[in-house]
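Contents: one structure, followed by commentary.
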Amino acid sequence: MTSKSSITSRNFDPFEFAPLFRWARNIHTAWLALVGLGIGAAFLVVTHVEGSFGTRSDFQLGEDVLRVLGVESVASSTPTFPLIRDVTTWFLVFVVGFTCALVHRQWQLMARCIAELAGNDVLKLRVEPDTGARSRLLLVGRLISGRPPARALDTLVDKVNEFGRKYVARATVLVAGGAAFLAFSLVQGEKHGLFRVLMPRGLTGGAAQEWLGSAYHSWWASDDHPMGTFAYFLAALFAAYVVLMQNIVGIAIAYLALALPSATVLDADWLNRDGHFGWAPVARVFRTVYWSLAIHGLTLSLILVILGIENSPWVGGLVAIWVAVVPIYLVAPWLLFRKVQNRARERRLAQLGRLIDQSRLDAAEDIARMQVFVAEIERVRTAKIRPMRLRIPAFSTFILAIVLPVGLTAAQIFFSLRFGSS
C-alpha cells in the first residue's frame, strides 16, 4: 500500500567510510585533479636526483607503438627505460588523478541522491511493511523494525552510515594493508618480465632473460633506483587504497539501492521535470560508474599488456576486484529498476482511471476533454523510466568499460605469446 505523501530523507554519506578523505567532503572536485600533478612532480624530482629521467633521444613513443604492433621496419628496442620513455607510468599518473576526481564526484552525487529523489517525489511512504524475500534476505525488516513508516528510510540510511563509520572507517588499517599487498604484488610482478611486449623478436632462452633483466634494471623505478622504487610503491599504494575504498562504498550503495523498495515505494514524477521522470540523480551517479569501469578496465588491460600473460597472477587481485564489481554495479541496480517502470505505470494508469470515473465523462459528448486523458494514458504507456539506460554518449562509455578491456586482454595474450613465449 502506498501513501500519497512524499518523504524526506537523510543523506547517505560515503565520506563516513573513509576517514582519510572526510576533509574533502565539501570541496570542489577540480582540486582532486592536483593529486595526479603531485605524483607526477614527485616522479620528476626523484628521477632527476637519481639521474633516471632520460634524454630527448629516449622518448620513443611512436617507435614503441610500432614495435608493439609488430612492424618489422622499426629498429629493435634497446633495454633502456628511463622515466621519459615509460609512457605507461605517465598514463597511470593520469589515471590516479582522474580516479581521485571521479571518486570524489561520485561520492558527492551519492551523498545527495536519496534526498534529491525524495524531493522529486519518486519515493513514497510505504504504509505496510515489506515482508517479501528481498526484505528478509537483506535483513531490512530487522533494521527498521518498530519504526513508523515515515522513519523507515531515514533509519535504513542511518544504519548504512553507521556501518561505514563503526566498521569500515575503523578498519582503515586493514584496508590500507590490503592496498599495500596489491601494490607490492604489482611491484614484484614487474621484476619478472616488465616491457616483455617490447622485447625484440627471436630472442629466446638466456638471451631473452638477459634482455628482460637489463630492461628492468634500467627502469627508473627498479630496485637499482631506491628513491624511484619507493615513490612508485607509494603511488601504487595510494591508488590501490582509493580503488578499494571506492568499491567498498560501491557495495554499500548497491545494498542500499536493493533495500530501498523495502523501506519505500518507488514511483515516478509524471511531470518529468528532470527528463528522467524524477530519477535524474540516479542517472548522474551511473554516468560516473560507467566512467569508472571504463578507466579501470583500460588500466588493467594496459598493465597486463606490459607485464605479459606469464606474469598476470601478480595482478590477479586487481583483476579479481574489477571482475567482481562489474555485476554488482550493473546487475544489482538493474534488478532494482527493472520493475520500477512497470509498477509506476500501473499506479499512474489506475490513478487516471479513477479520475475519468470521477469526471463522469461521456466519450461522445466530451471528446476534447477525453482526448486529454487518452493522450496522457498513451504517454504513460510509452514512458521510459530507466535511469541506467545507455544513451549515445553513455553507450560509448559502456563499450570502453566492457568490450575494450576484454579486447585488450585478448590482445595482450597474443602479444605475450608472440614476443614472450616464442
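A search for ring-ring contact (aromatic ring centres under 6.0 Å, His included) contacts involving Trp270 returns Phe277, not counting sequence neighbours. For Asp13, the salt bridge (charged side-chain N to carboxylate O under 4.0 Å, His left out) criterion is met by Arg25, not counting sequence neighbours. Legend: residues meeting ring-ring contact (aromatic ring centres under 6.0 Å, His included) with Phe53, ordered by chain and number and at least two apart, are absent. With sequence neighbours left out, Trp90 forms a ring-ring contact (aromatic ring centres under 6.0 Å, His included) with Phe59. For Asp274, there are no salt bridge (charged side-chain N to carboxylate O under 4.0 Å, His left out) partners, not counting sequence neighbours. In terms of the side-chain contact (heavy atoms from CB on, under 4.5 Å) criterion, residue partners of Ile251 (sequence neighbours excluded) are, by chain and number, Ile328. Judged as a salt bridge (charged side-chain N to carboxylate O under 4.0 Å, His left out), and not counting sequence neighbours, the contacts of Glu376 are Arg348, Arg379.
A donor-acceptor contact shorter than 3.5 Å is absent between the side chain of Ser222 and the backbone of Ser218. No donor-acceptor pair under 3.5 Å is formed between the side chain of Asn342 and the backbone N or O of Lys339. Here the side chain of Thr229 pairs a donor or acceptor atom with the backbone of Ala221 at under 3.5 angstrom.
Phe98 CZ: more than 12 foreign heavy atoms inside a 6.0 Å radius. Within a 6.0 Å sphere centred on CZ of Arg343, heavy atoms belonging to other residues, nucleotides or ligands number 12 at most. Taking a 6.0 Å sphere around CD of Gln188, one finds it holds more than 12 heavy atoms contributed by other residues, nucleotides or ligands.
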Quiz item: Would Ile114 and Leu123 count as a side chain to side chain contact (heavy atoms under 4.5 Å, CB included) if you check the C-alpha gap in whole Å, the side-chain angles of each, and the deciding distance to 0.1 Å?
Solution: CA-CA 9 Å; Ile114 294 180; Leu123 303 182; 4.3 Å; yes

Practice problem: Determine, step by step, whether Leu44 and Leu83 satisfy the side chain to side chain contact (heavy atoms under 4.5 Å, CB included) criterion, reporting the C-alpha distance in whole Å, the side-chain angles of both residues, the deciding distance to 0.1 Å, and the verdict. | Solution: CA-CA 8 Å; Leu44 291 176; Leu83 178 62; 4.1 Å; yes

Practice problem: May I have the step-by-step check of side chain to side chain donor-acceptor pair (under 3.5 Å) for Thr155 and Asp158, ending in yes or no? | Solution: CA-CA 5 Å; Thr155 301; Asp158 284 345; 5.6 Å; no

Quiz item: Given His104 and Thr29, is the side chain to side chain donor-acceptor pair (under 3.5 Å) satisfied, shown in steps?
Solution: CA-CA 6 Å; His104 184 262; Thr29 296; 3.0 Å; yes

Practice problem: Could you go through the side chain to side chain contact (heavy atoms under 4.5 Å, CB included) check for Ile377 and Val380 one step at a time? | Solution: CA-CA 5 Å; Ile377 290 172; Val380 171; 5.8 Å; no

Quiz item: What do the steps show when you test Asn11 against Val157 for side chain to side chain contact (heavy atoms under 4.5 Å, CB included), and what is the final call?
Solution: CA-CA 7 Å; Asn11 286 322; Val157 174; 6.0 Å; no

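In this structure, OG in Ser73 is found 10.5 Å from CZ in Arg67, a value given to the nearest 0.5 Å. Taking CG of Leu266 as the start and CH2 of Trp279 as the end, the distance is 4.5 Å to the nearest 0.5 Å. Interatomic distance, Ser135 OG to Ile144 CD1, rounded to the nearest 0.5 Å: 6.5 Å. The CD1 atom of Ile385 sits 8.5 Å away from atom CG of Asn272, with the distance rounded to the nearest 0.5 Å. Rounding to the nearest 0.5 Å places OG1 of Thr99 at 11.0 Å from CG of Leu32. Here the straight-line distance linking atom CZ of Arg56 with atom CD1 of Ile84 works out to 8.5 Å at 0.5 Å rounding.
Residues Ser77 and Arg85 have side chains that bring a donor and an acceptor to within less than 3.5 angstrom of each other.
Annotation: salt bridge (Lys or Arg N to Asp or Glu O under 4.0 Å) contacts involving residues 88-113, sequence neighbours excluded, comprise Arg112-Glu116. Within the structure, the ring-ring contact (aromatic ring centres under 6.0 Å, His included) test picks out the following pairs touching residues 134-169 (sequence neighbours left out): Phe163-Tyr167. For residues 22-49, the ring-ring contact (aromatic ring centres under 6.0 Å, His included) pairs, not counting sequence neighbours, are Phe43-Trp220. Residues in residues 222-248 take part in these salt bridge (Lys or Arg N to Asp or Glu O under 4.0 Å) pairs, two or more places apart or across chains: Lys191-Asp223.
Taking every heavy atom of both residues into account, Val140 and Ala259 meet most closely at CG2-CB, 3.5 Å. What you find for Met227 and Val49 is that their closest heavy atoms are SD-CG1, 3.9 Å. A pairwise comparison of heavy atoms in Gln60 and Thr78 identifies NE2-OG1, 4.4 Å as the closest pair. Smallest separation of non-hydrogen atoms from Ala280 and His276: N-CB, 3.5 Å. The heavy-atom pair separating Asp267 from Val340 by the smallest distance is O-CG1, 4.3 Å. Considering every non-hydrogen atom in both Ala263 and Ala152, the closest pair reads O-CB, 3.8 Å.
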Kindly list each side-chain donor-acceptor pair under 3.5 angstrom involving residues 230-250, sequence neighbours excluded, with atom names and distances?
| residue | atom | partner | partner atom | Å |
| --- | --- | --- | --- | --- |
| Tyr232 | OH | Glu190 | OE2 | 2.6 |
| Gln246 | NE2 | Gln106 | OE1 | 3.4 |
| Gln246 | NE2 | Ser292 | OG | 2.8 |
| Asn247 | OD1 | Tyr329 | OH | 2.9 |
| Asn247 | ND2 | Val243 | O | 2.8 |

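Residue Trp107 is tested with Phe17, Phe15, Phe12 for a ring pair (Phe, Tyr, Trp, His ring centres under 6.0 Å); the sole match is Phe15.
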